[in-house]
Asker: 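I am attaching a structure below and will ask some questions about it afterwards.
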Amino acid sequence: MIGNYIENANFEDTGFSYTLSLISGKYKMVILYCLMEYEPVRFNEMRRYLGNVSDKTLSAHLKELEADRLIHREVYPQIPPKVEYRLTERGQSLMKVLDQLCVWGEENKPKS
């Protein structure tokens, strides 16, 4: 009677839903991947890495990732201002999951 269980289930209550809420958005997973590979990364480096992204969109995604405690923003008191982004410990723990997506992609992407 599998059908009976789903009547009381709510996707929004799952850990999967919570994880998706943290990494949803066109650039969030790419930002996290970039930091996993190259941290620390400055804003302009990140923008070049992502390609066609506006400053406003990138800034919004970085602020959301910082609010979710996945990345840390370090501001250095100098002129011109220097800002670097790094993964937090919490963000690094998520990289185990994202790394598995990379492995799956490498194993399953079409051969050229």
Side-chain angles (χ1 to χ4, degrees):
M1 298 269 174
I2 293 174
N4 291 338
Y5 295 109
I6 199 165
E7 291 175 5
N8 297 319
N10 181 356
F11 176 72
E12 292 181 6
D13 292 337
T14 66
F16 186 72
S17 174
Y18 176 71
T19 304
L20 285 180
S21 75
L22 296 178
I23 60 174
S24 65
K26 185 173 181 179
Y27 297 104
K28 284 186 180 179
M29 287 188 9
V30 181
I31 290 168
L32 292 169
Y33 177 80
C34 177
L35 291 173
M36 178 180 73
E37 292 292 319
Y38 302 108
E39 73 175 19
V41 178
R42 296 177 70 178
F43 185 88
N44 286 335
E45 294 170 329
M46 181 76 66
R47 189 181 58 202
R48 281 190 298 274
Y49 183 80
L50 294 175
N52 192 22
V53 61
S54 70
D55 287 354
K56 181 180 178 183
T57 299
L58 178 55
S59 181
H61 282 309
L62 289 168
K63 286 178 183 175
E64 289 172 16
L65 289 166
E66 185 180 14
D68 290 332
R69 301 182 332 270
L70 295 175
I71 66 172
H72 173 72
R73 180 178 185 263
E74 182 76 30
V75 180
Y76 296 91
Q78 64 186 52
I79 296 180
K82 178 181 173 184
V83 179
E84 291 181 338
Y85 295 90
R86 298 178 184 277
L87 293 171
T88 61
E89 190 173 315
R90 184 174 195 230
Q92 289 172 353
S93 70
L94 181 58
M95 292 308 96
K96 296 172 190 170
V97 175
L98 294 184
D99 190 51
Q100 287 303 304
L101 289 174
C102 294
V103 169
W104 187 91
E106 287 297 325
E107 292 172 353
N108 290 279
K109 72 180 178 183
K111 307 293 185 230
S112 42

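Start at 1 with the first residue, then count along the sequence.
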Asker: With sequence neighbours left out, write down each residue that passes side chain to side chain donor-acceptor pair (under 3.5 Å) with Glu45, or none if nothing qualifies.
Answerer: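 Listed in chain order: nothing, the list is empty.
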
Asker: Give a yes or no on whether Lys82 atom NZ has more than 12 heavy-atom contacts from other residues, nucleotides or ligands under 6.0 Å away.
Answerer: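 Result for NZ/Lys82: enclosed.
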
Asker: If hydrophobic clusters are built by linking Ile, Leu, Val, Met, Phe, Trp and Tyr wherever their side-chain heavy atoms come under 4.5 Å apart, do Leu65 and Leu20 end up in the same one?
Answerer: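 Different clusters.
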
Asker: Quick one: pull up CG in Leu62 and OH in Tyr27 and give me the separation to the nearest 0.5 Å.
Answerer: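 These two atoms lie 12.5 Å from each other.
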
Asker: I'd like to know if the side chain of Asp99 and the backbone of Met95 have a donor-acceptor N/O pair within less than 3.5 Å.
Answerer: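 Not a single qualifying donor-acceptor pair exists.
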
Asker: Determine whether a donor-acceptor pair (N or O, by modelled atom type, separation under 3.5 Å) exists between the side chain of Ser59 and the backbone of Lys56.
Answerer: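 Looks like no, no N/O pair under 3.5 Å.
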
Asker: Heavy-atom count around Glu12 CD within 6.0 Å, excluding the residue itself: above 12?
Answerer: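 Counting other residues, nucleotides and ligands, CD of Glu12 stays at 12 neighbours or fewer.
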
Asker: Are Leu35 and Arg86 packed together at the side-chain level, in the sense that at least one heavy-atom pair is separated by less than 4.5 angstrom?
Answerer: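 In short, these two side chains do not touch, never coming nearer than 4.5 Å.
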
Asker: I need the minimum non-hydrogen distance between Val53 and Leu58, along with the two atoms involved.
Answerer: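 Smallest heavy-atom distance, with atoms named: CG2-N, 3.9 Å.
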
Asker: Considering non-hydrogen atoms only, spot the tightest contact between Thr57 and Ser54 and give its length.
Answerer: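 Scanning both residues completely, I find the closest heavy atoms to be OG1-OG, 2.9 Å.
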
Asker: With sequence neighbours left out, which residue pairs that include part of residues 32-58 fulfil the ring-ring contact (aromatic ring centres under 6.0 Å, His included) condition?
Answerer: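 Only Tyr38-Tyr49 qualify under ring-ring contact (aromatic ring centres under 6.0 Å, His included).
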
Asker: For the hydrophobic clusters of this structure (ILVMFWY residues joined by side-chain heavy atoms under 4.5 Å, transitively), does one cluster hold both Tyr18 and Ile71?
Answerer: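 Shared cluster, yes.
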
Asker: Would you say the side-chain atoms of Thr19 pair up with the backbone N or O of Gly15, donor to acceptor, closer than 3.5 Å?
Answerer: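 Checked: pair present.
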
Asker: Would you find more than 12 non-hydrogen atoms of other residues, nucleotides or ligands less than 6.0 Å from Phe16 atom CZ?
Answerer: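 Not more than 12 within 6.0 Å, no.
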
Asker: Quick one: are Lys28 and Leu70 in side-chain contact, heavy atoms under 4.5 Å?
Answerer: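 Of all side-chain heavy-atom pairs linking Leu70 with Lys28, none is under 4.5 Å.
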
Asker: Do you know which of Arg42, Arg48, Met46 makes side-chain contact (heavy atoms from CB on, under 4.5 Å) with Asn44?
Answerer: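 Output: one option passes, namely Arg48.
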
Asker: State whether the side chain of Arg90 and the backbone N or O of Asp68 hold a donor-acceptor pair below 3.5 Å, judged by distance alone.
Answerer: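 Answer holds: yes.
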
Asker: Does atom CD of Glu89 have more than 12 heavy-atom neighbours, drawn from other residues, nucleotides or ligands, at distances under 6.0 Å?
Answerer: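 It does not: Glu89 CD has 12 such atoms or fewer within range.
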
Asker: Which atom names give the shortest non-hydrogen contact between Thr88 and Arg69, and what distance separates them?
Answerer: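 So the minimum-distance heavy-atom pair works out to OG1-O, 2.6 Å.
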
Asker: Report yes or no: do Met29 and Trp104 belong to one cluster of Ile/Leu/Val/Met/Phe/Trp/Tyr joined by side chain heavy-atom distances under 4.5 Å?
Answerer: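 Looking at the clustering, Trp104 is in a separate group from Met29.
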
Asker: Supply the atom-to-atom distance Met36 CE to Cys102 SG, rounded to the nearest 0.5 angstrom.
Answerer: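 Result: 4.5 Å between the selected atoms.
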
Asker: Can you see which heavy atom on Leu50 is nearest to which on Val30, and at what distance?
Answerer: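 Looking at all heavy atoms of both residues, the closest pair is CD2-CG1, 3.1 Å.
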
Asker: Partners of Arg73 by side chain to side chain donor-acceptor pair (under 3.5 Å), sequence neighbours excluded?
Answerer: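 Arg73 satisfies side chain to side chain donor-acceptor pair (under 3.5 Å) with Tyr85 only.
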
